[in-house]
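Chain letters run A, B, ... following the sequence lines, proteins first and then strands; every chain starts at 1. Because the structure is a prediction, the values reported are computed rather than measured.
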There are 4 protein chains.
Amino acid sequence: VSTSMMPSGSRAVGARMWVIADGWIPPRSSGPQPEMYSHEGVCILNAGEQPARIDLMVYFTDREPSGPYRVVVDPRRSMHLAMNDLVDPEPIPHDADYSVVVDSDVDIVVQHTRVDTRQAELAVSTTIAYPV
Amino acid sequence: VSTSMMPSGSRAVGARMWVIADGWIPPRSSGPQPEMYSHEGVCILNAGEQPARIDLMVYFTDREPSGPYRVVVDPRRSMHLAMNDLVDPEPIPHDADYSVVVDSDVDIVVQHTRVDTRQAELAVSTTIAYPV
Amino acid sequence: VSTSMMPSGSRAVGARMWVIADGWIPPRSSGPQPEMYSHEGVCILNAGEQPARIDLMVYFTDREPSGPYRVVVDPRRSMHLAMNDLVDPEPIPHDADYSVVVDSDVDIVVQHTRVDTRQAELAVSTTIAYPV
Amino acid sequence: VSTSMMPSGSRAVGARMWVIADGWIPPRSSGPQPEMYSHEGVCILNAGEQPARIDLMVYFTDREPSGPYRVVVDPRRSMHLAMNDLVDPEPIPHDADYSVVVDSDVDIVVQHTRVDTRQAELAVSTTIAYPV
């Protein structure tokens, strides 16, 4: 780990394409808002020195895919993208099954997390996404 | 990411065989039904242009495997398959340990999620399955 | 998927060595027993035609490893092994951090799940283990 | 599994670099303390015979990375490192999105777990980290 010669902070790591198969935004929230809102996060690390230009394609059960949703993650930055917040080209429907393909022009790492506050006590699930 | 030349929406991604080792359908549900039912989802993305013909074999603790359970996931579609809903060749018993091998004729991505509502406040767990 | 020539039910899949880094058995349980007991499961699929002879080595924070714990998973069987139940060469202490290396003589797939019922409403977490 | 010739307890396994994309330390805890404190664990196994000298770099949304945080995991030991406890070069802020790159000079295995006790009933999520 030659951190003096090449700080780990400056190296792009990961893969350029990632997949999340189980996407589903809970249709309701409970508890103090906005803190305890139900959401799904696509958490992205760009550890490299170049901006990561990222396209997300969203696949559904019974219609054509939506996208690309475009985001840029700056060099040496983490972005925890809430799927709930995407609006262009269209919002992701809540209470609908979907999958996501994440495409980047540089190496990134992607992790998927769902926070479900439909009931009074939250549930959280997470997994590193699948690197293609 | 040459989305203009080859939209990510048209490329098969993943692997053809996936394994889930921890299958277990909770034996009870609580809360408003059908929304809060206890179930296990095998969530499948077929991002390609060909239908995915998929066989699931289910392995148990103390008897021979059951299957194949056959499903087709259309091109460019996500299917969140509830293990609870499988009936042919036989239903998956609840409150019984099992594992699943998912076999496809094209590349897919598989994620496994359990929703457990035996108690008043749900628990959710998820993981990308193991690609063989 | 030539299921007629080689049923997926008869093929060993996976890897021979797997690692779980976050082992921790909750020190208490609540709710109806034995159903709602706090435990950790090492869930193993042996999809092949040979018995899987498996050694588990358990690593701790401040003492030498314990093991090997030996189990056999029969051909075409799933075993959801509760770490709580291991007694030979010694029980795994509760409320103690540990990691597990799972060694098999044939290919298997391993998934790790924790069920925590210390509080009235359970929490569940899971991940496919790391294949070496 | 020639455990007599080469005990699994003496072999370094895993990878030298691991990534966790979804880091977030919950800003509050409830329940009996210190047991039920909200925290994130970076759980590390060093199954080998050499000490693992490990650097963690922490990436944020809107500032330069912090680190390296340096830890040593002794041979044949498991360390469940609480991100909450890191203080040098600076504490990790709570309620702030981050990612972590874990760099080791020998092979290790890393798993990430979040325990969220903001509400009365805990939530737990876990995933094997991404091996670079």
Side-chain angles (χ1 to χ4, degrees), chain C residues 15-24 26-28 30 38 40 52-70 95-106 110-132, chain D residues 1-4 6-15 18 20 30-32 34-36 39-49 52 73-82 102 104 107-117 119-131:
Chain C
R16 295 190 179 200
M17 183 179 275
W18 295 81
V19 182
I20 298 154
D22 182 12
W24 184 79
R28 297 187 311 280
S30 65
S38 285
E40 288 200 311
R53 299 174 202 286
I54 297 171
D55 284 358
L56 294 91
M57 287 296 295
V58 179
Y59 294 79
F60 299 100
T61 295
D62 50 11
R63 45 160 290 199
E64 289 298 310
S66 180
Y69 296 86
R70 296 196 155 144
D95 197 13
D97 297 336
Y98 68 90
S99 300
V100 187
V101 174
V102 180
D103 246 317
S104 172
D105 63 349
V106 297
V110 175
Q111 184 172 343
H112 179 241
T113 299
R114 183 185 298 157
V115 175
D116 183 334
T117 68
R118 286 176 293 164
Q119 298 185 318
E121 305 290 340
L122 89 167
V124 182
S125 54
T126 197
T127 185
I128 291 285
Y130 174 74
V132 177
Chain D
V1 206
S2 56
T3 52
S4 60
M6 176 185 266
S8 53
S10 65
R11 187 165 20 152
V13 292
W18 295 81
I20 298 154
S30 65
E35 180 185 337
M36 303 303 294
H39 68 281
E40 288 199 311
V42 173
C43 302
I44 302 169
L45 173 63
N46 175 13
E49 292 298 331
V73 181
D74 288 336
R76 305 178 306 280
R77 292 295 183 275
S78 171
M79 175 185 280
H80 293 205
L81 179 68
V102 181
S104 172
D107 284 348
I108 59 175
V109 177
V110 175
Q111 184 172 345
H112 179 241
T113 298
R114 183 184 299 159
V115 176
D116 184 333
T117 69
Q119 297 185 318
E121 304 291 340
L122 88 167
V124 182
S125 53
T126 198
T127 185
I128 291 286
Y130 174 73

Side chain from CB out, backbone as N, CA, C, O: work out which of these in D:Pro75 comes under 4.5 Å of a heavy atom of chain C, or both, or neither.
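Neither the backbone nor the side chain of D:Pro75 comes within 4.5 Å of chain C.
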Contact class of D:Leu122 relative to chain C, heavy atoms under 4.5 angstrom:
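Both parts, backbone and side chain.
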Heavy-atom pairs under 4.5 Å with chain C, option from D:Val13, D:Asn46, D:Val109 with the top count:
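The candidate making the most pairs under 4.5 Å is D:Val109.
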Heavy-atom pair count under 4.5 Å with chain C, highest-scoring of D:Ala120, D:Ala123, D:Gly31, D:Gly41:
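Heavy-atom pair counts peak at D:Ala120.
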Taking every heavy-atom pair that is under 4.5 Å apart, which of C:Arg63, C:His112, C:Arg16 has the most such pairs with chain D?
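The option with the most such pairs is C:Arg63.
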Candidate list D:Thr113, D:Thr126, D:Val115, test side-chain contact (heavy atoms from CB on, under 4.5 Å), partner C:Ser125, passing option:
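Running side-chain contact (heavy atoms from CB on, under 4.5 Å) over D:Thr113, D:Thr126, D:Val115 with C:Ser125 returns exactly one hit, D:Thr126.
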Where is the tightest heavy-atom contact between D:His80 and C:Ala21, given as atom of each residue plus distance?
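It is NE2-O, 3.1 Å.
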Which heavy atom of D:Arg77 sits nearest to which heavy atom of C:Tyr59, and what is that distance?
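Looks like N-CD2, 4.3 Å.
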Select one option (side chain, backbone, both, neither) describing which atoms of [X] are under 4.5 Å from chain D's heavy atoms.
{"X": "C:Val19", "answer": "both"}
{"X": "C:Ile128", "answer": "backbone"}
{"X": "C:Asp62", "answer": "backbone"}
{"X": "C:Val124", "answer": "backbone"}
{"X": "C:Pro27", "answer": "side chain"}

Non-hydrogen side-chain atoms of D:Arg11 and C:Asp103 separated by less than 4.5 Å:
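A side-chain contact under 4.5 Å exists here.
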Lys/Arg-Asp/Glu bridge criterion (N-O < 4.0 Å) met for D:Glu121, C:Arg118
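The answer is no: the pair does not qualify as a salt bridge.
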Hey, could you give me the [atom1]/[atom2] distance between [X] and [Y], rounded to the nearest 0.5 Å?
{"X": "C:Thr61", "Y": "D:Met79", "atom1": "OG1", "atom2": "CE", "value": "8.0 Å"}
{"X": "D:Leu81", "Y": "C:Asp97", "atom1": "CG", "atom2": "CG", "value": "10.5 Å"}
{"X": "C:Tyr130", "Y": "D:Ile108", "atom1": "OH", "atom2": "CD1", "value": "10.5 Å"}

Checking side-chain polar atoms at under 3.5 Å, does C:Ser99 have a donor or acceptor matched by the opposite partner on D:Ser78?
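Yes - a donor-acceptor pair under 3.5 Å links their side chains.
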